Amino acid sequence: QSALTQPASVSGSPGQSITISCTGTSSDVGGNDYVSWYQQQPGKAPKLIIYEVSNRPSGVSNRFSGSKSGNTASLTISGLQAEDEADYFCSSYTSSSSHHIIFGGGTKLTVL
Amino acid sequence: QVQLQESGPGLVKPSQTLSLTCTVSGVSISSGNYYWSWIRHHPGKGLEWIGNIYYSGSTYYNPSLKSRVSMSVDTSKKQFSLRLSSVTAADTAVYYCARDRLTVVDYWGQGTLVTVSS
């Protein structure tokens, strides 16, 4: 069982928008603004696409956006493209003494 | 650009020690701006942060693994390493090395599968 909860899968058609949720607690997602999102293509290294809830690293498409409400963070991908098909996972800094950064279980995005 | 590459045995026997090395390129491992982390992904489960090391050698480990983990850094070789002792099948996972800014892990290696089996 992962520390942060994500849906196992989501799907959408090209051009549509989808949102992936990431639910934690007040000790992690709800307690700070250090939520990140990653995209992972099969056989490749995870790629950072959102950090500090809503910031995009240089070179990341503006079709990717992040937000947070309470203990739940969200990743939205607009204008879905076939190349967006990948696994997406979230992470959060945690104030818990037992961990430093915790992760979600990952969500498989299928572009129909 | 920043690149990290894991290396080490893909098969380890139960009760033995898992040893992996990460080679860093494109950035100075001695930069005071970063820590260097190990993270693993168990099959069918989520990711687990193992710990990190600073270029000076100071470390912080996940308390659930602390008794079995040790990390080291060799700045001259641009490498940092992980040792996990007394492994069991539960340690079978894809192991990643990564650059850690404490509030975000921004660059990852491709990962290496380590299987614990006799």
Side-chain angles (χ1 to χ4, degrees), chain A residues 1-9 22-24 28-29 31-60 66 68 73 86-108, chain B residues 1-7 10 22-27 33-54 58-67 69 71 90 93-113:
Chain A
Q1 188 150 357
S2 299
L4 303 177
T5 301
Q6 296 181 233
S9 63
C22 171
T23 301
D28 39 72
V29 174
N32 63 78
D33 287 333
Y34 299 121
V35 176
S36 301
W37 289 91
Y38 302 88
Q39 177 193 65
Q40 187 172 26
Q41 307 279 5
K44 294 193 173 182
K47 175 187 176 184
L48 178 68
I49 55 174
I50 296 288
Y51 68 98
E52 292 176 2
V53 176
S54 60
N55 294 308
R56 283 187 307 276
S58 174
V60 173
K68 191 186 80 166
D87 290 327
Y88 293 84
F89 60 91
C90 60
S91 75
S92 173
Y93 174 83
T94 175
S95 59
S96 164
S97 61
S98 63
H99 293 285
H100 165 55
I101 289 182
I102 55 175
F103 298 93
T107 299
K108 171 65 178 177
Chain B
Q1 73 271 28
V2 178
Q3 290 187 314
L4 300 97
Q5 180 65 57
E6 305 88 353
S7 59
C22 181
T23 302
V24 180
S25 60
V27 63
N33 295 324
Y34 312 114
Y35 285 71
W36 304 94
S37 275
W38 288 97
I39 297 162
R40 67 182 183 178
H41 192 178
H42 295 93
K45 299 183 180 179
L47 290 143
E48 179 180 34
W49 178 76
I50 300 170
N52 63 26
I53 187 165
Y54 197 52
S58 63
T59 55
Y60 188 85
Y61 301 141
N62 185 328
S64 69
L65 297 169
K66 189 175 182 178
S67 63
V69 171
M71 295 182 185
V94 175
Y95 286 76
Y96 295 95
C97 60
R99 190 175 81 170
D100 184 349
R101 286 158 49 185
L102 291 186
T103 55
V104 62
V105 175
D106 58 359
Y107 286 95
W108 302 57
Q110 284 195 304
T112 186
L113 174 63

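Within every chain, numbering begins at 1; the chains are lettered A, B, ... in the order of the sequence lines, protein sequences first and strands thereafter. What you are looking at is a predicted structure, and each value in this text was computed from that prediction instead of being measured.
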Region of B:Leu4 in contact with chain A, defined by heavy-atom distances below 4.5 Å: neither
Heavy-atom contact with chain B under 4.5 Å, split by part of A:Ser36: side chain
Toward chain A, the part of B:Tyr107 with a non-hydrogen atom under 4.5 Å: neither
Contacting moiety of A:Gln40, where chain B heavy atoms sit under 4.5 Å: side chain
Residue among A:Ile101, A:Asn55, A:Leu48 satisfying side-chain contact (heavy atoms from CB on, under 4.5 Å) with B:Val104: A:Leu48
Options A:Tyr93, A:Phe89, A:Tyr51, ranked by heavy-atom pairs under 4.5 Å with chain B, top entry: A:Phe89
Shortest non-hydrogen separation from A:Lys44 to B:Gln110 and the atoms involved: CA-NE2, 4.0 Å
Expected output: side-chain A:His100 to main-chain B:Leu102 donor-acceptor under 3.5 Å: yes
Atom group of B:Val105 that falls short of 4.5 Å from chain A, counting heavy atoms: both
Heavy-atom pair count under 4.5 Å with chain A, highest-scoring of B:Ala98, B:Gly109, B:Gly111: B:Gly109
Winner by heavy-atom pair count (cut-off under 4.5 Å) against chain B, out of A:Gly43, A:Pro46, A:Ala45: A:Pro46
A:Tyr34, OH atom: more than 12 neighbouring heavy atoms under 6.0 Å: no
